[in-house]
Chemist: 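So that we are looking at the same thing, I have put the structure below in structure tokens.
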Number of protein chains: 2
Amino acid sequence: MSFRINPNISVDCVVFGFDFRQLKVLLVERIFQSDYSLKPIFTDHTLIGNHIYEHEDLEEAARRILKDLTGIENIYLEQFIALAHPERLKKERDQIWLQHIGHNPHNRVITVGYFGLLDINAMEIRAGSRKVSWFPVNKLPALAFDHHDMLNHAVECLKTRMRVSTIAYTLLPKKFSLSQLQTLFEVIYGTNLDKRNFRKKMIRMKYLIPLNEKQSNVSHKPAQLYMFSREVYEITNRDLFENII
Amino acid sequence: MSFRINPNISVDCVVFGFDFRQLKVLLVERIFQSDYSLKPIFTDHTLIGNHIYEHEDLEEAARRILKDLTGIENIYLEQFIALAHPERLKKERDQIWLQHIGHNPHNRVITVGYFGLLDINAMEIRAGSRKVSWFPVNKLPALAFDHHDMLNHAVECLKTRMRVSTIAYTLLPKKFSLSQLQTLFEVIYGTNLDKRNFRKKMIRMKYLIPLNEKQSNVSHKPAQLYMFSREVYEITNRDLFENII
DNA sequence: ACAAAAGTGTTTACAGTACACCCATGC
DNA sequence: GCATGGGTGTACTGTAAACACTTTTGT
């Protein structure tokens, strides 16, 4: 099996997390320092991406690259777009960077975007050679290449998918309160929801299982915890979130 | 400007039409005949696709290729997937074909799928060098490459999109009856809908404008015709189809 | 005792569902 | 005059939306 990289195809992962306050995204720091001095010439950020190997399929590559850069495995991943504009790598600093890391800056590269969802608290980011960290989606640093476009597409895709599937739960811990679930929707759709109506609607969903457990060490009335049961979801009528917002 | 083709990136258009009975898709005939005799060795079909040019963006290429093969312009097009499995062109007849048309059959090619929607009656297919024709989506001939996968993805994507946007109207003529609209939903979702309830729900939508016009030359009571107003849709509350099905 | 978030119920209006018959036209 | 699809109304049930106060815990 060859491990040659394909110079024309890359993947980028837009990995989202939710810290009960904000939607966050994982970014990799990109520091370009001249070969002669260590003074950085510029610093910005990229999504979690790289070129695929010749023997890999796209999602396989996305999972490998994510694991290599962050240690993260087995998360929800879904393809959402391919970008290939001829000028997408042609900004000056991107050209310098590509040259620096030994890529041909004139290569036409298509990139395929995957969005990933995970429970931000259960994941330890195991930093490798590059610094990877969480940024609030509405307070982003400068991004390389066309990664701002990529991210905007990912957010839109996340919004649509959350209305027609149960992926919302992959952003929460196994045990969560209804308020946390509500905040998740409020943050992603930028609205405020009525607490009583939200709870009424949610409690109807049979796959939302109340646990014999409450929050602890909170300085207010501790919340009832719930879990999502995929099993129950599969065998029941799959009520969804279409009318939540 | 260079017109070199990019050997690694292709696009495929899954163009849907609705003839008031079935969902149909445009396919291109692929006839391989030996260089020495004219007897065809195999015949099958492909989606409407080709490689992009080096200077083109993806959608631009999709529109060009669609126009070249069918004469069709200015239709609704939307990207829905990228496929790049290493073995996707490795079936024997595909390899033979690639060689035949002068492509390197060992090239890794990523293809980006666009689905297109149009009013089947308003479009004249201007056949070029290749034969292009409509096939019912649930009665397909053998397809080349991974085009069956592609098409399945496109159908799923169409179903999702039809629930959260107004693209359904791009499959209908400008003037249409409520029964035609209902049949469209029934065909795509494989259900039967109650006529009275469907009409009640639809007539609520302010962007569905009744015209001073009825069907003619039909051997039954002629139907009231309606049009879709994008303008009204944009300025009103954008009620949609989420609960139609 | 106070701060902080959890939790709860009722009313009203609108939308969903189920269901059967008459109507206008071409032939 | 008959075949074909167009067009209509009602009763019942269920969900959406608006809205304010009490409860439980930590400090």
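Residue numbers begin at 1 in each chain, while the letters A, B, ... track the order of the sequences.
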Chemist: Taking atom types as they are modelled, would you say the side chain of B:K200 forms a donor-acceptor pair with the base of C:dG16 within the 3.5 Å cutoff?
Modeler: no

Chemist: Check each residue of residues 221-229 of chain B for a non-hydrogen atom within less than 4.0 Å of any atom in DNA chain C, then write out the ones that pass by number, or none.
Modeler: B:K221, B:P222

Chemist: Mind calculating the distance between CG (B:L181) and P (D:dG6) to the nearest angstrom?
Modeler: 12 Å

Chemist: Name all residues meeting the side chain to side chain donor-acceptor pair (under 3.5 Å) criterion together with B:R130; count only those two or more places apart in sequence or in a different chain, and write none if there are none.
Modeler: none

Chemist: Side chain to side chain donor-acceptor pair (under 3.5 Å) for B:T183 and B:R21? Distances and angles first, verdict last.
Modeler: CA-CA 7 Å; B:T183 308; B:R21 278 164 222 275; over 6 Å; no

Chemist: Can you measure A:K195 atom NZ to D:dA20 atom P for me and round it to whole angstrom units?
Modeler: 13 Å

Chemist: Show your reasoning for whether side chain to side chain donor-acceptor pair (under 3.5 Å) applies to B:T43 and B:R30.
Modeler: CA-CA 6 Å; B:T43 301; B:R30 178 173 81 157; over 6 Å; no

Chemist: What is the distance, to the nearest angstrom, from the CZ atom on A:R196 to the C1' atom on C:dT11?
Modeler: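 Rounding to the nearest Å, CZ of A:R196 and C1' of C:dT11 are 12 Å apart.
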
Chemist: Give a yes/no on whether any side-chain N or O of A:R204 is located under 4.0 angstrom from OP1 or OP2 of D:dA16.
Modeler: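 Checking A:R204 against D:dA16: at least one side-chain N or O falls below 4.0 Å of OP1 or OP2.
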
Chemist: Salt bridge check, B:E234 against B:R230: does any charged N sit closer than 4.0 Å to a carboxylate O?
Modeler: yes

Chemist: Rounded to the nearest 0.5 Å, what separation is found between the CG atom of B:L171 and the CG atom of B:L23?
Modeler: 7.0 Å

Chemist: How close or far is atom C1' of D:dG5 from atom NE2 of B:H220, stated in whole angstroms?
Modeler: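 Between C1' of D:dG5 and NE2 of B:H220: 5 Å.
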
Chemist: Roughly, in whole Å, what's the span from CG in B:N217 to C1' in C:dA24?
Modeler: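 Value for this atom pair: 14 Å.
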
Chemist: Between B:F198 (CZ) and D:dT8 (C1'), how many Å, whole number?
Modeler: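 Distance, rounded to whole Å: 16 Å.
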
Chemist: In terms of the nearest nucleotide of DNA chain D, which residue is placed more toward the 5' end: B:N197 or B:S179?
Modeler: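 Residue closer to the 5' terminus by nearest nucleotide: B:S179.
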
Chemist: Between C1' on C:dG9 and CZ on A:R199, what's the gap in Å once rounded to a whole number?
Modeler: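 Taking CZ of A:R199 and C1' of C:dG9, I get 14 Å after rounding.
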
Chemist: Provide, to the nearest angstrom, the distance between the CE atom belonging to A:M202 and the P atom belonging to D:dA16.
Modeler: 11 Å

Chemist: Can you find a donor-acceptor pair, distance only, under 3.5 Å between B:K201 side chain and C:dA15 base?
Modeler: no

Chemist: Tell me which of B:D194 and B:S177 sits closer to the 5' end of DNA chain D, going by the nucleotide each one is nearest to.
Modeler: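 The 5'-side residue here is B:S177.
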
Chemist: What I want to check is whether an N or O donor and acceptor connect the side chain of B:K214 with the base of C:dT25 at under 3.5 Å.
Modeler: no

Chemist: Do A:Q79 and B:I81 have side chains that get closer than 4.5 Å, going by heavy atoms?
Modeler: yes

Chemist: Would you check if the side chain of B:S165 reaches a backbone N or O of B:M162 as a donor-acceptor pair within less than 3.5 Å?
Modeler: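 Between the backbone of B:M162 and the side chain of B:S165 there is no qualifying donor-acceptor contact (under 3.5 Å).
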
